[in-house]
J.: 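Take this structure first; my questions come after.
Values reported hereafter were calculated over all heavy atoms of this structure, with side chains retained and with hydrogens, waters and symmetry mates removed. These figures come from a predicted structure and were not determined experimentally. In this chain, numbering begins with 1 at the start of the sequence shown.
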Amino acid sequence: MRIAFNGAFLDAGHHGTGTYTRGLLRGLIALGEAADDIMFFYARPSDEIRDGCGVRLRTTSKFLGAGGGSLANASRFIWTQALLPLRLQRDKVDVFLSPLAEGMLCSALPQVIIVNDLIPLLYPEECPHLYLYFKYILPSILRNARRVVAISEHARRDIVRHFGVPPENVAVVYGGIEPLYFSANGAQPPNLSLPESYFLFVGTFSPRKNLRTIIQAFAQIHKEIPHRLVV
């Protein structure tokens with residue numbers, strides 16, 4: 001099976017989608033015989049990705065990389081609708097896989113679109129440049145996809161409710177673990193110089209994460225407990 005992989009978010013900075021993209025690609029490569037070829041479309045060079053081992057690099061313009069602002073998003077949308085189908089046809093691709101909420105409005109081959117969350121739709125003040133896309137375009141892309149993948153049951157319910165995707169077309173596949181920090185077999189993690197007892201906050205500093213309230217609450221109890229707050 002030949003898979004076209006949307007790598008637009010690779011090397012766009014340290015964030016959840018970029019980490020997810022790297023982990024998903026590593027997982028597909030590890031499957032080996034499950035994919036004869038992975039056609040990896042990317043805009044930014046990366047030391048992590050090399051031709052070979054089942055991966056074939058397919059470069060795009062550097063201006064199409066995710067994280068480049070509204071102009072880059074608009075350019076990538078036009079490229080995805082007009083040029084990407086031609087390249088997929090030329091490469092004889094069997095399925096298109098996107099680890100971010102992008103895809104083709106009309107596609108002759110199956111698409112699998114992964115949706116992490118609906119933040120641009122539910123919190124438009126944080127992502128005003130993506131609100132119209134999530135409101136009017138993404139629903140059509142998801143309804144035409146062969147399968148939509150949500151990373152949580154909460155995200156699955158949001159997709160069904162707000163985008164009208166049939167529930168049977170939305171699967172929940174939980175994210176994996178980053179082997180640099182976690183181990184599935186109980187191996188000793190690296191020494192991160194953490195205190196012996198602590199509460200851990202992981203996330204960005206955007207208002208929706210509510211870190212301010214966490215700090216305020218911890219300030220009221222920190223003298224009564226031995227724990228530290230690690231952000």
J.: Could you check if a side-chain atom of Met104 sits within less than 4.5 angstrom of a side-chain atom of Leu88, using non-hydrogen atoms only?
T.: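 Heavy-atom side-chain distance check passes, below 4.5 Å.
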J.: Could you state whether Phe41 and Leu83 fall into the same hydrophobic cluster, counting links through intermediate Ile, Leu, Val, Met, Phe, Trp or Tyr residues with side-chain heavy atoms under 4.5 angstrom apart?
T.: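 Same cluster.
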J.: Restricting to pairs with a member in residues 217-231, which pass salt bridge (Lys or Arg N to Asp or Glu O under 4.0 Å), not counting sequence neighbours?
T.: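 Every pair satisfying salt bridge (Lys or Arg N to Asp or Glu O under 4.0 Å) with a residue in residues 217-231: there are none.
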J.: How about Asn73 and Tyr133: do any of their side-chain heavy atoms sit closer than 4.5 Å?
T.: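 No; the side chains remain at least 4.5 Å from each other.
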J.: Find out whether Leu132 and Ile137 are in side-chain contact, i.e. whether some heavy atom of one side chain is under 4.5 Å from a heavy atom of the other.
T.: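 Answer no - side chains too far apart.
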J.: Side chains of Val93 and Ile3, heavy atoms from C-beta outward: is any pair under 4.5 Å?
T.: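 Sidechains of Ile3 and Val93: no contact.
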J.: Using the ring-ring contact (aromatic ring centres under 6.0 Å, His included) criterion, which residues pair with Phe96? Sequence neighbours excluded.
T.: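 Applying ring-ring contact (aromatic ring centres under 6.0 Å, His included) to Phe96 gives none.
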J.: Can you confirm whether Ile29 sits close enough to Phe40 that some side-chain heavy atom of one is under 4.5 Å from a side-chain heavy atom of the other?
T.: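 Side chain of Ile29 against side chain of Phe40, heavy atoms only: no contact under 4.5 Å found.
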J.: Do you know which two heavy atoms are closest between Pro85 and Thr80, and how far apart they sit?
T.: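 The answer is CD-O, 3.2 Å.
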J.: Do you reckon Tyr136 sits in the same ILVMFWY cluster as Ile141, going by side-chain contacts under 4.5 Å, direct or chained?
T.: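 Yes: a chain of side-chain contacts under 4.5 Å links Tyr136 to Ile141.
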J.: Using only heavy-atom distances, determine whether the side chains of Asn6 and Glu102 contain a donor-acceptor pair under 3.5 Å.
T.: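 Yes, a side-chain donor-acceptor pair sits under 3.5 Å.
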J.: Applying side chain to side chain contact (heavy atoms under 4.5 Å, CB included), can you list everything that pairs with Pro128, at least two apart in sequence or on another chain?
T.: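 Scan of Pro128 (side chain to side chain contact (heavy atoms under 4.5 Å, CB included), adjacent residues dropped) gives none.
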J.: Would you mind listing every salt bridge (Lys or Arg N to Asp or Glu O under 4.0 Å) that reaches into residues 80-99, with sequence neighbours excluded?
T.: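 Those involving residues 80-99 are Arg58-Asp91.
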J.: Ignoring hydrogens and geometry, is there a side-chain-to-backbone donor-acceptor pair from Asp37 to Arg2 under 3.5 Å?
T.: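 Answer holds: no.
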J.: Output every pair passing salt bridge (Lys or Arg N to Asp or Glu O under 4.0 Å) with a member in residues 110-127, not counting sequence neighbours, ordered by first then second residue.
T.: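 Of all non-adjacent pairs touching residues 110-127, those that pass salt bridge (Lys or Arg N to Asp or Glu O under 4.0 Å) are Glu126-Arg208.
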J.: If you look at every heavy atom in Leu138 and Ala101, which pair is closest and at what distance?
T.: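 Scanning both residues completely, I find the closest heavy atoms to be CD1-O, 3.6 Å.
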J.: Taking the side chain as every heavy atom from C-beta outward, state whether Cys106 and Asn144 have any atom pair closer than 4.5 Å.
T.: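 Cys106 vs Asn144: side chains apart.
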J.: Would you name the heavy atoms of Pro120 and Leu130 that are closest together and state the gap between them?
T.: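 Closest approach of Pro120 to Leu130: CB-CB, 3.7 Å.
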J.: When you compare the side chain of Leu24 with that of Phe5, does any pair of heavy atoms fall below 4.5 Å?
T.: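 Yes, side chains in contact.
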J.: Indicate, with yes or no, if Ile215 and Val230 share a hydrophobic cluster defined by side-chain heavy-atom contacts under 4.5 Å among Ile, Leu, Val, Met, Phe, Trp and Tyr.
T.: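 No: no chain of side-chain contacts under 4.5 Å links Val230 to Ile215.
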J.: Does Pro124 have any side chain to side chain contact (heavy atoms under 4.5 Å, CB included) partners at least two apart in sequence or in another chain, and if so, which?
T.: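 Here the qualifying residues are Tyr131.
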J.: Taking only residues two or more places apart in sequence or in another chain, which ones pass side chain to side chain contact (heavy atoms under 4.5 Å, CB included) with Asp158?
T.: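 Per chain and number, Asp158 pairs via side chain to side chain contact (heavy atoms under 4.5 Å, CB included) with Leu118, Leu122, His154, His162.
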J.: Excluding sequence neighbours, so at least two apart, what forms side chain to side chain contact (heavy atoms under 4.5 Å, CB included) with Arg143?
T.: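 Pro139, Ser140, Val165.
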J.: What residues join Val172 in its hydrophobic cluster, counting side-chain heavy atom gaps under 4.5 Å, either direct or through other members?
T.: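 Members besides Val172, by chain and number: Tyr174.
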J.: Which residues satisfy the ring-ring contact (aromatic ring centres under 6.0 Å, His included) test with His227, sequence neighbours excluded?
T.: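 For His227, the residues satisfying ring-ring contact (aromatic ring centres under 6.0 Å, His included) (neighbours in sequence not counted) are Phe199.
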J.: Does Phe218 CZ have over 12 foreign heavy atoms under 6.0 Å away?
T.: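 More than 12 within 6.0 Å, yes.
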J.: According to a 4.5 Å side-chain heavy-atom criterion applied to Ile, Leu, Val, Met, Phe, Trp and Tyr, with indirect links allowed, do Tyr123 and Phe205 form part of one hydrophobic cluster?
T.: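 In one cluster with Tyr123: Phe205, no.
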J.: Who else is in the cluster with Leu71 when I, L, V, M, F, W and Y are joined by side-chain contacts under 4.5 Å?
T.: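 Members alongside Leu71: none; it stands by itself.
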J.: Just so I know, are the side chains of Tyr20 and Asn116 near enough to count as touching, which here means a heavy-atom distance under 4.5 Å?
T.: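 Result yes, sub-4.5 Å side-chain heavy-atom pair found.
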J.: Enter the distance from Ile38:CD1 to Leu57:CG here, rounded to the nearest 0.5 Å.
T.: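 Answer for the CD1-CG pair, Ile38 versus Leu57, is 11.0 Å.
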J.: Are Leu194 and Val202 connected in a single hydrophobic cluster, I mean Ile/Leu/Val/Met/Phe/Trp/Tyr linked by side-chain heavy atoms less than 4.5 Å apart?
T.: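 Yes.
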J.: Does Tyr42 offer a backbone N or O that forms a donor-acceptor pair with the side chain of Thr60 under 3.5 Å?
T.: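 Yes; at least one donor-acceptor contact below 3.5 Å.
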J.: Going by distance alone, is a donor N or O of one side chain under 3.5 Å from an acceptor N or O of the other, for Asn210 and Thr213?
T.: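 Result is yes, a qualifying pair exists.
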J.: On a heavy-atom basis, which atom in Ala150 and which in Ile159 lie closest, and how many Å separate them?
T.: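 In terms of heavy atoms, the two residues are closest at CB-CD1, 3.9 Å.
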J.: CD1 of Ile119 to CG of Leu121: how many Å apart, nearest 0.5 Å?
T.: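 Nearest 0.5 Å value for the CD1-CG distance: 11.0 Å.
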J.: Who passes salt bridge (charged side-chain N to carboxylate O under 4.0 Å, His left out) against Glu153, sequence neighbours left out?
T.: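 Glu153 satisfies salt bridge (charged side-chain N to carboxylate O under 4.0 Å, His left out) with Arg156 once adjacent residues are dropped.
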J.: Run Gln111 and Arg146 through side-chain contact (heavy atoms from CB on, under 4.5 Å) and show every step you take.
T.: CA-CA 5 Å; Gln111 299 184 91; Arg146 178 67 60 88; 5.8 Å; no
J.: Looking at every non-hydrogen atom in both residues, tell me the closest pair between Ile113 and Ala145 and how far apart they are.
T.: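 That would be CG1-CB, 4.0 Å.
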